[in-house]
Amino acid sequence: MPGPDAARERDGLCDDALRAGPRAPTLCEGWAVRDLLVHLAVRDGRPDVLAGHALGRAVPALGAHAERVQGRWREEPFEALVQRVRSGPPAVSPARWRPVAAAVNSLEFFVHREDVRRAQEGWQPRPLRREESEGLWRSVRLVGRAAYRRSPVGVVLVTPRGPRAVVRGGAVSVAVRGEPQELLLHAFGRRSRALVEVDGGAEAVRAFEAAFPAG
């Protein structure tokens, strides 16, 4: 079942970024909207810059090159930076192919769009189409296994309409309840803005929330 459309989420993120402005906060610690867009532009089509991040300490020239590229993008007009992200990967990139974009960009742009939206005052959760929610539920069952693998207690994800998934086994468990998009954001660490409830025995809930604090 498909989740959020990668192209639609990309466009929505760009629209939300323009409304918020370059200096508006995001849920990514230390990043304003402009910083987040530079990250996405690099991810889209600059493997040289990604290599600079990964190997910069071992190969200082690569690190310096990465900083120069990002520095130029941070200084360009904000509307041009937004358009750079909106335009997507280069024409030769495999990510231009819809199935690849769905695999590598759907969750990335969904989560980062919420990073922009939910950092602003007065935000409200977005209504999603049924097929989008079902796609996110499928994704969160996979993401949750990695996200909660070190939980001191078992973790069961539960949606309001009944589907549930055990993503971490344990003799004692907690239930994390919410809409699929909220469960996904919690699993991705956006816990201060994820609309979920954690149920279970008092000690189990305390142990879980100490391991995965909201703030």
Exercise. Does the pair E134/R130 count as a salt bridge with the N-to-O cut at 4.0 Å?
Worked result: yes
Exercise. Between V172 and V153, which heavy-atom pair has the shortest distance, and what is it?
Worked result: O-CB, 3.4 Å
Exercise. Rounded to the nearest 0.5 Å, how far does CG of L40 lie from CZ of R113?
Worked result: 13.0 Å
For this session: Taking all heavy atoms of F110 and all of L184, pick out the closest pair and write down the distance.
Result: CD2-CD2, 4.0 Å
Problem set entry | Donor-acceptor pair, side chain of R149 and main chain of A146, under 3.5 angstrom | yes
Problem set entry | Sub-4.5 Å side-chain heavy-atom contact between D5 and S106 | no
Problem set entry | Basic-acidic side-chain contact under 4.0 Å: R8, D11 | no
For this session: Indicate if L128 and F188 have the same hydrophobic cluster label, given that clusters are the connected sets of ILVMFWY residues with side-chain heavy-atom separations under 4.5 angstrom.
Result: yes
Problem set entry | Spacing of CZ belonging to R34 relative to CG belonging to L81, to within rounding of 0.5 Å | 6.0 Å
Exercise. Just by distance, do the side chain of R141 and the backbone of A165 share a donor-acceptor pair under 3.5 Å?
Worked result: no
Problem set entry | L36 CG to L27 CG distance, which is reported to the nearest 0.5 Å | 10.0 Å
Exercise. If you round to the nearest 0.5 Å, how far is SG of C28 from CG of D35?
Worked result: 9.5 Å
Exercise. Can you name the nearest heavy-atom pair linking P125 to E182, along with the distance?
Worked result: CB-OE2, 3.8 Å
Please tabulate, one pair per line, all N/O donor-acceptor pairs under 3.5 Å involving side-chain atoms of residues 193-215, not counting sequence neighbours.
{"from": "R193", "atom 1": "NE", "to": "R118", "atom 2": "O", "distance (Å)": "2.9"}
{"from": "D199", "atom 1": "OD2", "to": "R177", "atom 2": "NE", "distance (Å)": "2.6"}

Problem set entry | Residues R86, D15: salt bridge by 4.0 Å N-O rule | yes
Seminar exercise, completed: By ring-ring contact (aromatic ring centres under 6.0 Å, His included), W31 pairs with (sequence neighbours left out) H39
For this session: Sequence neighbours left out, what passes salt bridge (Lys or Arg N to Asp or Glu O under 4.0 Å) with R161? Give chain and number order.
Result: E179
Exercise. For the residue pair T26 and A32, what are the closest heavy atoms and their distance?
Worked result: CG2-C, 3.6 Å
For this session: Might you point out which heavy atoms bring W123 and R117 nearest each other, and give the distance in Å?
Result: CB-O, 3.4 Å
Seminar exercise, completed: OG1 of T159 to CD of Q181, rounded to nearest 0.5 Å, is 12.5 Å
Exercise. Does a donor on one side chain and an acceptor on the other come within less than 3.5 Å for E108 and H112?
Worked result: yes
Exercise. In the single-linkage hydrophobic clustering (I, L, V, M, F, W, Y; side-chain heavy atoms under 4.5 Å), do V38 and V85 co-cluster?
Worked result: yes
Problem set entry | Pairwise side-chain contact, Q120 with R19, heavy-atom cut-off 4.5 Å (strictly under) | no
Problem set entry | Shortest non-hydrogen contact between V158 and L183, atoms and distance | O-CD1, 3.9 Å
Problem set entry | Rounded distance (nearest 0.5 Å) linking atom CG of D115 with atom CG of L13 | 8.5 Å
For this session: Consider only side-chain heavy atoms of I, L, V, M, F, W and Y, link residues closer than 4.5 Å, and tell whether V174 and V156 are in one cluster.
Result: no
Exercise. Within the distance-only criterion (no hydrogens, no angle test), does the side chain of S173 pair as donor or acceptor with the backbone N or O of G169 below 3.5 angstrom?
Worked result: no
